[in-house]
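Worksheet for the structure shown next.
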Amino acid sequence: MTAERPPMKPTRDPRVTLDDLVEVLLNKGAVLHLDLIVSVADIPLIGVSLRAAIAGMETMLEYGMLRRWDEDTRAWAERSTGHRDLEPRAGERHIVHMRGGHLLEDGFQTTWRPGTVHLTDRRLVVMRREPREVLWETELAAVRAVRPESERSVGGEQRTRLRVVLTDGRQALLSCTEPERLRALLAGTCPGPLETSPAGPEREDGDGGEGDGGEGGRAVLEGHLWYHEPRRDGPLWRGGQGRLTPDALVWKSPLDARPALVLTTDDITAVRTAPGRSPAGGGTVVTVETASQGPVTLTADEPGRWAGALDSLRTAQPLPSA
């Protein structure tokens, strides 16, 4: 018969401050398991069973908690309030808006100005709410070309920008959360045909994005991806952003400055799926065999899609649509 554990008693460390508590919650988090019975005169009246995880939003998102809630809430907020910032002209129809920014280049400074990108059936506008200001604007009839450019930040991260070229020769570099979607909408909305060209050269700036080391080029597939990261005390599932190009698979956690995983496609020797415990909510994991790193285990909301794309690149077969 095992000995009964003594009841837990609260302890106090006078050296601990509120800043220490906040730092632990933001960086690591805390899990609370509480079973409480409230009784009066030895008669149990109320039972409380509490299971709670408390952590900073970045930690929650890294481990897949609140991810869907966060995405849905952001999308709802953009749908419900974002388009109201732009005052429409008479008869003007609003098409889409998304978070983004405009690169200010005036000869003395080069800096990104964050705001919201608005597309109507007449204009493309970048504006901010507070203080309310139109950062950049053009008529769609004046747009001659919209070209994607791959930009690398000082931390080695990378993001796709859109360079808008006007008929008078002026240019503007814009950022947005869905560059390919905005580019496609512009192609279907601008009154004249748009010129197309490959992505421009990489630029060094301070505005980070997604990835590093071999992730330049057209994305075959990208999205939330889980990586079973090897560690000294045992492998750990971590959530982050995966980006697959014809050259490499790059995975990066939102808490990391640089990618934790870079697999070149010519290093991949085999790709297979198998049943397994998955933090993505399913029971399938993807194992990528490599010549230099050994097996790498991944999973996603659609593991078969990632496995198929990786295997197609490995065998140089036609790529599945992203």
Rounding to 0.5 Å, atoms CD (Glu222) and CG (Leu244) come to a distance of 9.5 Å

Nearest heavy-atom contact between Thr273 and Ala307 is CG2-CB, 3.5 Å

Of all heavy-atom pairs linking Pro148 and Glu180, the shortest is CB-OE2, 4.3 Å

Leu124 vs Val164, side chain to side chain contact (heavy atoms under 4.5 Å, CB included): CA-CA, chis, key distance, verdict | CA-CA 10 Å; Leu124 179 62; Val164 181; 4.2 Å; yes

*Output yes when a side-chain donor or acceptor of Arg243 lies under 3.5 Å from a complementary backbone atom of Leu249, and no otherwise.*
no

query = With a 3.5 Å cut-off and no angle check, do the side chains of Arg238 and Ser253 form a donor-acceptor pair?
reply = yes

Is the backbone N or O of Thr284 less than 3.5 Å from a side-chain atom of Thr299, with the two atoms forming a donor-acceptor pair by type?
yes

Those residues at least two apart in sequence (or on a different chain) that pass side chain to side chain contact (heavy atoms under 4.5 Å, CB included) with Leu50 are Leu34, Ala52

message = I'd like to know if the side chain of Asp267 reaches the main chain of Thr290, judged simply by a donor and an acceptor atom lying under 3.5 Å from each other, with no hydrogens or angles considered.
response = no

Flag, side chain of Arg183 to backbone of Val146, donor-acceptor distance under 3.5 Å: yes

Sequence neighbours excluded, the answer for salt bridge (Lys or Arg N to Asp or Glu O under 4.0 Å) partners of Arg89 is Glu137, Glu139

Next on the checklist: Check this for me: does any side-chain nitrogen of one of Arg231 and Glu229 sit under 4.0 Å from a carboxylate oxygen of the other?
Outcome noted: yes

Where do Leu263 and Val296 land on the side chain to side chain contact (heavy atoms under 4.5 Å, CB included) test, with the steps shown first?
CA-CA 9 Å; Leu263 294 180; Val296 175; 4.2 Å; yes

Can you confirm whether Val220 sits close enough to Pro246 that some side-chain heavy atom of one is under 4.5 Å from a side-chain heavy atom of the other? yes

Open item on the list: For a side chain to side chain contact (heavy atoms under 4.5 Å, CB included) check, start with the C-alpha distance between Leu162 and Cys176, then their side-chain angles and the critical distance, and finish with the verdict.
Closed with: CA-CA 8 Å; Leu162 292 181; Cys176 58; 4.3 Å; yes

Across all chains, not counting sequence neighbours, the side-chain hydrogen bond (donor to acceptor under 3.5 Å, both in side chains) partners of Arg51 are Asp35

Quick one, Thr116 and Arg128 - any side-chain contact, counting heavy atoms below 4.5 Å? no

Common cluster, Leu174/Val165, ILVMFWY with side-chain heavy-atom separation under 4.5 Å
no

Check: Arg314 side chain, Thr265 main-chain N or O, donor-acceptor pair, under 3.5 Å | no

For Leu135 and Arg113 the tightest heavy-atom approach is O-NH2, 2.8 Å

CG of Leu185 to CD of Glu178, rounded to nearest 0.5 Å, is 9.0 Å

Hits for side chain to side chain contact (heavy atoms under 4.5 Å, CB included) against Ile43, two or more places apart or cross-chain, chain-then-number order -> Leu45

d(Asp311 CG, Ile268 CD1) to nearest 0.5 Å is 9.0 Å

What one should report as the nearest heavy-atom pair of Thr269 and Ala291 is CG2-N, 4.0 Å

Residues passing the side chain to side chain contact (heavy atoms under 4.5 Å, CB included) test with Asp266, sequence neighbours excluded, are Thr264

Tightest non-hydrogen contact, residues Pro303 and Val286, listed as O-CG2, 3.5 Å

Taking the side chain as every heavy atom from C-beta outward, state whether Val96 and Arg181 have any pair of such atoms under 4.5 Å apart.
-> yes

When rounded to the nearest 0.5 Å, the distance separating NE2 of His94 from CZ of Arg123 is 9.5 Å

Across all chains, not counting sequence neighbours, the side-chain hydrogen bond (donor to acceptor under 3.5 Å, both in side chains) partners of Asp168 are Arg170

Q) Trp237 vs Trp226 aromatic rings, parallel, tilted or perpendicular, using cut-offs 30° and 60°? A) perpendicular

Asp121 meets the side-chain hydrogen bond (donor to acceptor under 3.5 Å, both in side chains) criterion, sequence neighbours left out, with none

Residues at least two apart in sequence or cross-chain that pass side chain to side chain contact (heavy atoms under 4.5 Å, CB included) with Pro191, listed by chain then number, are Leu140, Ala141

Quiz item: Would Val117 and Val125 satisfy side chain to side chain contact (heavy atoms under 4.5 Å, CB included), going step by step from the backbone distance to the final call?
Solution: CA-CA 6 Å; Val117 180; Val125 184; over 6 Å; no

Residues passing the side-chain hydrogen bond (donor to acceptor under 3.5 Å, both in side chains) test with Thr120, sequence neighbours excluded, are Glu92

Report yes if some heavy atom in the side chain of Val250 is under 4.5 Å from a heavy atom in the side chain of Leu261; otherwise report no.
-> no

To the nearest 0.5 Å, atom CG of Leu86 lies from atom CG of Leu119 at 10.5 Å

Taken to the nearest 0.5 Å, the spacing of Leu298 CG from Trp306 CH2 works out to 8.5 Å

(Q) Keeping Ser175 on the side-chain end and Gly101 on the backbone end, is there a donor-acceptor pair under 3.5 Å? (A) yes

All heavy atoms of Pro259 vs all of Lys252, minimum pair found to be CA-CB, 4.0 Å

Face-on cation placement of Arg161 at Trp112 ring, 6.0 Å and 45° thresholds:
yes

